[in-house]
Structures are given as structure tokens and as C-alpha cells.
Amino acid sequence: MTQVQSAWGAAPSPQYEALAARFRPVFERIRAGAVERDLQRHLPHEELHWLREAGFTKLRLPQELGGLGATLPELFGLLIELGAADSNVVNAVRAHQGFTEDVLNAADPAWRQRWLARVAAGDLVGSGFSEAGDAKVGSFSTRLRQTPEGLRLEGEKFYTTGSLFGDWINTAVANDREESILVLVPRRGAGVEVLDDWDGFGQALTGSGTARFRAVAIEPEWVNPSLERFSYSTGYYQLVHLATLAGIGRALADDVAQRVRERQRIYSHGNASRVSDDPQILQVVGRVRSAAYGAGAIVLQAAAALQRVYDATGAEAKAQATVLANVEVDQSVSVVTQLVLDASTELFDALGASAARRTEGLDRYWRNARTISSHNPRVYRERAVGSYAVKGEAPPAFYRIGAA
């Protein structure tokens with residue numbers, strides 16, 4: 001069924017449905033096992049393999065490199081659909097898709113060619129930026145040192161989302177001169193250990209735990225010649241979270257509608273002999289679905305702003321488009337977050353107490369949405385939007401976390 005036929009609105013492009021048709025059978029397989037994976041804490045290794053085989057990790061690559069040449073709105077439309085299948089899986093590929101944007105926008109032609117070829121060959125990249133220790137904001141305790149034996153990496157990272165499933169870990173470290181640099185680390189290299197020790201109550205299957213590096217040998221070609229990320233990276237990474245939330249909204253809306261449709265037991269003080277005919281229950285279902293619709297529409301609108309940055313030519317035009325895109329994403333954060341968090345609670349108003357059973361899996365929608373919403377706190381995004389509206393101040397281009 002197309003996006004229009006499902007009443008989720010127009011597709012982000014004329015060719016979107018043909019592109020989505022390639023992945024929807026995979027999304028359905030992923031969704032079929034989502035509740036069991038959540039209950040059993042079963043990591044989605046196989047599911048990520050299915051996505052790799054289908055070419056999902058090469059969505060943004062040019063067709064001449066074996067990719068699908070998807071636009072950013074097309075990518076985010078697919079991320080919403082994947083989020084409806086399992087929000088954990090979106091988070092697990094977030095770093096890889098972001099790294100692909102980095103490479104597509106890289107100024108160094110040799111670096112760009114080398115890593116585009118690796119992504120085209122099917123390599124999967126995870127993340128390793130944050131540190132849980134006492135490193136100061138904007139600095140890193142993880143070190144890349146020049147030794148008589150060559151470059152060696154030492155240190156520890158946390159929130160290494162996707163790295164447990166990947167071939168490479170894209171990480172930021174300090175060199176001997178205390179400069180921050182970006183490095184690709186082979187996931188299965190000697191001295192690399194990635195732990196599944198993320199114990200969050202939501203998004204538990206994203207592989208977001210600890211990565212340890214002990215005298216890891218690093219080849220010079222794995223060191224990024226530039227510290228600059230793609231200009232719209234802040235908005236991009238936040239919008240992936242919003243696409244995930246929109247996907248959660250769609251999934252819970254479909255779930256509650258199906259359960260109301262099939263429910264036989266009624267309350268004596270209800271309004272109909274069948275739950276599916278009770279106008280108050282139908283109102284709840286409608287409110288939840290409307291929230292999901294609004295969340296998805298907002299995400300695709302913001303994705304179009306990111307595409308305008310990607311398409312902009314000239315430094316001034318790109319800088320202006322970046323500021324506007326960051327404002328659009330920041331404006332989206334609170335609205336999408338509130339819509340989906342409210343919907344993930346209100347869905348229970350349409351169902352009986354049996355819906356609270358763990359085996360039903362409905363609690364995962366709130367747990368996952370609440371966990372995603374805790375990244376990059378929305379209160380700061382609201383302040384940034386206010387500062388732009390009142391004083392014309394551009395939102396921060398990059399966000400960092402660490403000790404004061």
C-alpha cells in the first residue's frame with residue numbers, strides 16, 4: 001500500500017514509491033519480530049544484514065557507484081517507515097548514514113573516493129564520539145599517539161551507537177598536539193572491544209554501549225584529513241531522531257487501530273455493543289493517528305530544508321541555507337516530541353488493562369520515544385528558536401557534551 005493510500009500524505013518525490021517498494025518487504029520482516037526482540041533483548045544483527053543486502057546502507061550513494069541516488073527527503077521518508085518497523089534499527093544505522101553524508105560532502109578527493117568505495121562495497125560504519133568520563137566539553141581523553149611502531153589509539157568511548165554491528169567506528173580523538181581529529185577504527189581490529197552494556201529502559205537494542213581501544217594500530221589513511229563535518233550535520237542527526245519518533249507514531253497508531261478493530265470485550269458503561277463502534281474510543285484512535293500524521297509531515301518538511309543545503313552552491317548560499325535548515329529542525333523538535341510522547345500514552349485510553357501486559361509490547365513505544373527525546377534536550381532547541389526569532393541569532397552549528 002502506498003503512502004497516499006495509507007493516508008500518511010504525499011510521498012516526498014514522484015519516484016519514492018518505486019524506491020520504497022524495494023525495502024517494504026524487509027521492513028515488514030523487521031516489524032514482525034520487534035516485540036520479541038524487545039522482550040528477549042535480542043540484538044538486530046540479522047535485521048541489519050537484511051538491510052545491507054537490500055542496499056539500504058547505500059541509499060545516498062550515486063547510482064554510478066552502485067547506490068540508489070536517494071534525495072534527503074526520500075531518505076527520511078524511508079527512515080520513518082523503518083522507524084515504524086523498529087526504532088532501534090534506525091538508531092543503529094544513524095551513524096552510518098551520517099558518515100555517508102560526511103563523505104559525500106568531503107573536500108579531500110582522495111578521502112572521498114576511498115570511503116565512498118568502502119560504503120559501496122557494503123561496509124557499515126558505527127559511531128564513537130561521546131565519552132562518559134571527565135573529558136572537558138569540546139575535548140577528548142581518547143588519544144591517537146605516534147609511536148615507533150606507528151599510530152596507536154588508546155581510550156574509551158560511550159554511546160557508540162551502531163558500532164556493535166559495524167565494520168568501522170567513526171570516532172573523534174585527540175592527537176599528540178592536543179588537537180581533535182577524526183579517525184576510522186576497524187571494528188574487529190586487535191585491541192578493539194565493543195560492549196553491549198547500554199542499560200537504558202528504551203532503545204535498548206541499538207548497540208550504544210562502551211567501546212575500548214587498547215594500543216589499536218591505525219593506518220594513516222584511516223585518519224580524516226579534515227575535522228569539518230558536513231555543514232548540515234547538526235540538523236541532520238537530530239532529524240534522524242525525529243524521523244524515528246514519527247515512525248514510532250505510525251506504528252503505535254496502526255497498532256491501536258488494529259486492537260480496537262479486533263477487541264471483543266466491552267465496558268458496561270461504554271457507548272456501543274462493539275468497541276470499534278464506540279465514538280469515544282474512535283476519537284482516541286483518531287487523535288493518536290493525527291499526531292503520527294503531523295509528526296511525519298513535519299519531518300519531511302525539515303528534510304527538504306536539508307536538501308536545500310546539499311544543493312546550494314557557493315559558500316555564502318550554503319551557509320545561509322544551513323542556518324535556516326537548523327532553525328527548521330529546531331522548530332520541529334518540540335512539536336514532534338510532544339506529539340509522539342502524548343500519543344504513546346494516550347493509546348492506552350482506547351484499550352483495556354490487558355494492553356499493559358509486557359508481552360503485548362505497547363509500552364516500548366513510550367520507552368523508546370522517551371529515550372530518543374532525551375538526546376539533545378528539547379529545552380535548548382526551544383531557546384535557540386526563540387533567540388533566532390527575537391534576535392536573529394543562528395542556532396549552534398555543532399553540539400558537544402562533557403565536563404564543565
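As the structure is a prediction and not an experimental result, all values here were calculated from the model.
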*For Arg60 and Leu104, what are the C-alpha separation, side-chain angles and deciding distance, and is it a side chain to side chain contact (heavy atoms under 4.5 Å, CB included)?*
CA-CA 9 Å; Arg60 288 278 289 151; Leu104 287 170; 3.9 Å; yes

Decide whether [X] and [Y] meet the rule of one side-chain donor and one side-chain acceptor closer than 3.5 Å.
{"X": "Asp176", "Y": "Gln146", "answer": "no"}
{"X": "Tyr380", "Y": "Asp330", "answer": "no"}
{"X": "Thr142", "Y": "Glu131", "answer": "yes"}
{"X": "Gln307", "Y": "Asp311", "answer": "yes"}
{"X": "Ser87", "Y": "Gln203", "answer": "yes"}
{"X": "Thr161", "Y": "Asn91", "answer": "no"}
{"X": "Tyr237", "Y": "Arg229", "answer": "yes"}
{"X": "Tyr232", "Y": "Glu101", "answer": "yes"}

On the six-membered ring of [Y], is [X] placed so that its NZ or CZ lies under 6.0 angstrom from the centre and within 45° of the ring axis?
{"X": "Arg152", "Y": "Phe213", "answer": "no"}
{"X": "Arg289", "Y": "Trp8", "answer": "yes"}
{"X": "Arg114", "Y": "Trp111", "answer": "no"}

*Atom CG of Leu351 and atom CD of Glu360: how far apart are they, to the nearest 0.5 Å?*
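So the CG of Leu351 and the CD of Glu360 are separated by 9.0 Å.
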
Lys/Arg N to Asp/Glu carboxylate O, [X] vs [Y], below 4.0 Å:
{"X": "Glu81", "Y": "Arg24", "result": "yes"}
{"X": "Asp86", "Y": "Arg31", "result": "no"}
{"X": "Arg358", "Y": "Asp38", "result": "yes"}

*asked:* Looking only at the aromatic ring of each residue, does the gap between the centers of Phe76 and Tyr236 stay below 6.0 angstrom?
replied: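 Ring centroids of Tyr236 and Phe76 are less than 6.0 Å from each other.
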
*Compute the ring centroids of Phe23 and Trp50, then answer whether they are less than 6.0 Å apart.*
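Here the rings of Trp50 and Phe23 have centres that are no less than 6.0 Å from each other.
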
*Sort out for me which residue in Glu193, Glu156, Lys157 forms a side chain to side chain contact (heavy atoms under 4.5 Å, CB included) with Thr210.*
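Result for side chain to side chain contact (heavy atoms under 4.5 Å, CB included) with Thr210: Glu156.
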
_Main chain of Val256, side chain of Arg259: is a donor-acceptor contact present, judged purely on distance under 3.5 Å?_
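Not a single qualifying donor-acceptor pair exists.
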
